[in-house]
Amino acid sequence: IPESVSPENSSINYTVTTIGNLAFDNCVYITNITIPNTITKIEKNAFKKCKGLSSITLPNTITSIDSNTFHSCESLTTINIPNTITNISHQAFAYCTSLNSITLPENATIAIDAFYNTGITTFTGLDTGSVEYIGEYAFTTLVSSTGYISYASYRAIPFTTLNFNSNIKTIKEGAFAGCNNLT
């Protein structure tokens with residue numbers, strides 16, 4: 001993504017500061033993205049269904065990951081979320097089924113279903129950061145609108161141990177439902 005754009009036959013450069021709603025929706029052939037430091041906002045659904053996206057670099061200029069931003073990015077395997085992020089919204093990474101490792105920002109609020117149905121096996125940040133709020137079903141593998149679904153025939157999140165920092169004040173209903181391997 002460029003830092004600036006210039007209209008054809010113009011000498012004026014415009015700084016790119018926002019990636020708009022649905023900007024790259026369903027761009028299945030995008031494999032990696034580097035977002036420049038000029039970007040301060042990525043709107044909801046910006047990279048939804050970018051099924052070939054395997055890596056992304058987020059700049060420290062972003063403070064929020066909006067709803068469904070990376071929803072169904074099935075090839076995304078890891079992401080380091082900068083510490084400037086204070087909010088990870090509803091289903092921001094839902095259905096990123098190859099996502100197996102994340103680093104959570106220190107002060108983030110993690111909204112409902114933020115990491116719903118991912119393949120996360122490793123994440124850091126809950127034990128060392130200042131995360132205070134984890135929303136409903138934030139790390140759940142399968143939940144329906146009618147409630148909890150049996151996990152007997154579905155894969156469970158393979159966490160075995162979770163360590164929380166002393167700042168956590170709220171863990172909402174079902175935040176780790178389906179984490180059948182927790183000991």
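With a 4.5 Å cut-off on side-chain heavy atoms, Y133 and I171 do not count as touching. Here the side chains of I81 and I88 are in contact, with some heavy-atom distance below 4.5 Å. Using a 4.5 Å cut-off on side-chain heavy atoms (C-beta onward), T170 and I134 make no contact. Using a 4.5 Å heavy-atom cutoff, the side chains of F70 and C50 are not in contact. No side-chain heavy atom of K41 sits less than 4.5 Å from a side-chain heavy atom of T17. Between L53 and I33, some side-chain heavy-atom pair lies under the 4.5 Å cut-off. By the 4.5 Å heavy-atom criterion applied to side chains, L76 and I56 are counted as neighbours. Inter-residue side-chain proximity for I42 and I35 is flagged as met; some heavy-atom pair is nearer than 4.5 Å.
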Exercise. Applying side chain to side chain contact (heavy atoms under 4.5 Å, CB included), run through N107 and N83 and close with a yes or a no.
Key: CA-CA 7 Å; N107 297 306; N83 280 330; over 6 Å; no

Exercise. Starting from the C-alpha separation in whole Å, work towards a yes-or-no answer on side chain to side chain contact (heavy atoms under 4.5 Å, CB included) for L104 and F115.
Key: CA-CA 11 Å; L104 295 172; F115 295 95; 4.0 Å; yes

Exercise. Could you go through the side chain to side chain donor-acceptor pair (under 3.5 Å) check for N100 and S98 one step at a time?
Key: CA-CA 6 Å; N100 57 33; S98 295; over 6 Å; no

Quiz prompt | side chain to side chain donor-acceptor pair (under 3.5 Å) evaluation trace for N45 with N21 | solution = CA-CA 6 Å; N45 303 304; N21 182 28; 3.2 Å; yes

Quiz item: Please walk me through it: do T84 and T61 pass side chain to side chain contact (heavy atoms under 4.5 Å, CB included)?
Solution: CA-CA 7 Å; T84 55; T61 52; over 6 Å; no

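Closest approach of G135 to K172, counting heavy atoms only: C-CB, 3.6 Å. Between P105 and P82, the shortest heavy-atom distance links the atoms CB-O, 3.3 Å. Listed here is the closest heavy atom pair of V16 and V5: CG2-CG1, 3.9 Å. Between S6 and S11 the shortest heavy-atom distance is OG-C, 4.4 Å.
Between the OH atom in Y14 and the OG atom in S4 there is a gap of 11.5 Å [rounded to 0.5 Å]. The CD atom of E43 sits 11.5 Å away from the OG atom of S67 when rounded to the nearest 0.5 Å. The CG atom of D25 sits 10.0 Å away from the CG atom of N68 when rounded to the nearest 0.5 Å. Note that OH of Y95 is 11.5 Å distant from NZ of K49, once rounded to the nearest 0.5 Å. We find the CD1-CD1 distance between I19 and I62 to be 6.5 Å, quoted to the nearest 0.5 Å. Put simply, OG1 on T109 and CD1 on I85 are 12.0 Å apart, with the number rounded to the nearest 0.5 Å.
With sequence neighbours excluded, no residue forms a side-chain hydrogen bond (donor to acceptor under 3.5 Å, both in side chains) with N26. For E74, the salt bridge (charged side-chain N to carboxylate O under 4.0 Å, His left out) partners are K51, not counting sequence neighbours. With sequence neighbours excluded, the residues forming a ring pair (Phe, Tyr, Trp, His ring centres under 6.0 Å) with F24 are F47, listed by chain and number.
Under the 4.5 angstrom side-chain criterion for Ile, Leu, Val, Met, Phe, Trp and Tyr, L22 has no cluster partners at all. The other residues sharing a hydrophobic cluster with V28 are Y29, where clustering joins ILVMFWY side chains under 4.5 Å apart.
Put simply, the side chain of T18 never gets that close to the backbone of G20: no donor and acceptor are under 3.5 Å apart. Using a distance-only test at 3.5 Å, with no hydrogens or angles considered, a donor-acceptor pair links the side chain of S89 to the main chain of I65. Between the side chain of H90 and the backbone N or O of I112, at least one donor-acceptor pair lies under 3.5 Å. Here the side chain of S75 pairs no donor or acceptor atom with the backbone of S54 at under 3.5 angstrom.
Listed by first and then second residue, the side-chain hydrogen bond (donor to acceptor under 3.5 Å, both in side chains) pairs involving residues 30-40 amount to none (not counting sequence neighbours).
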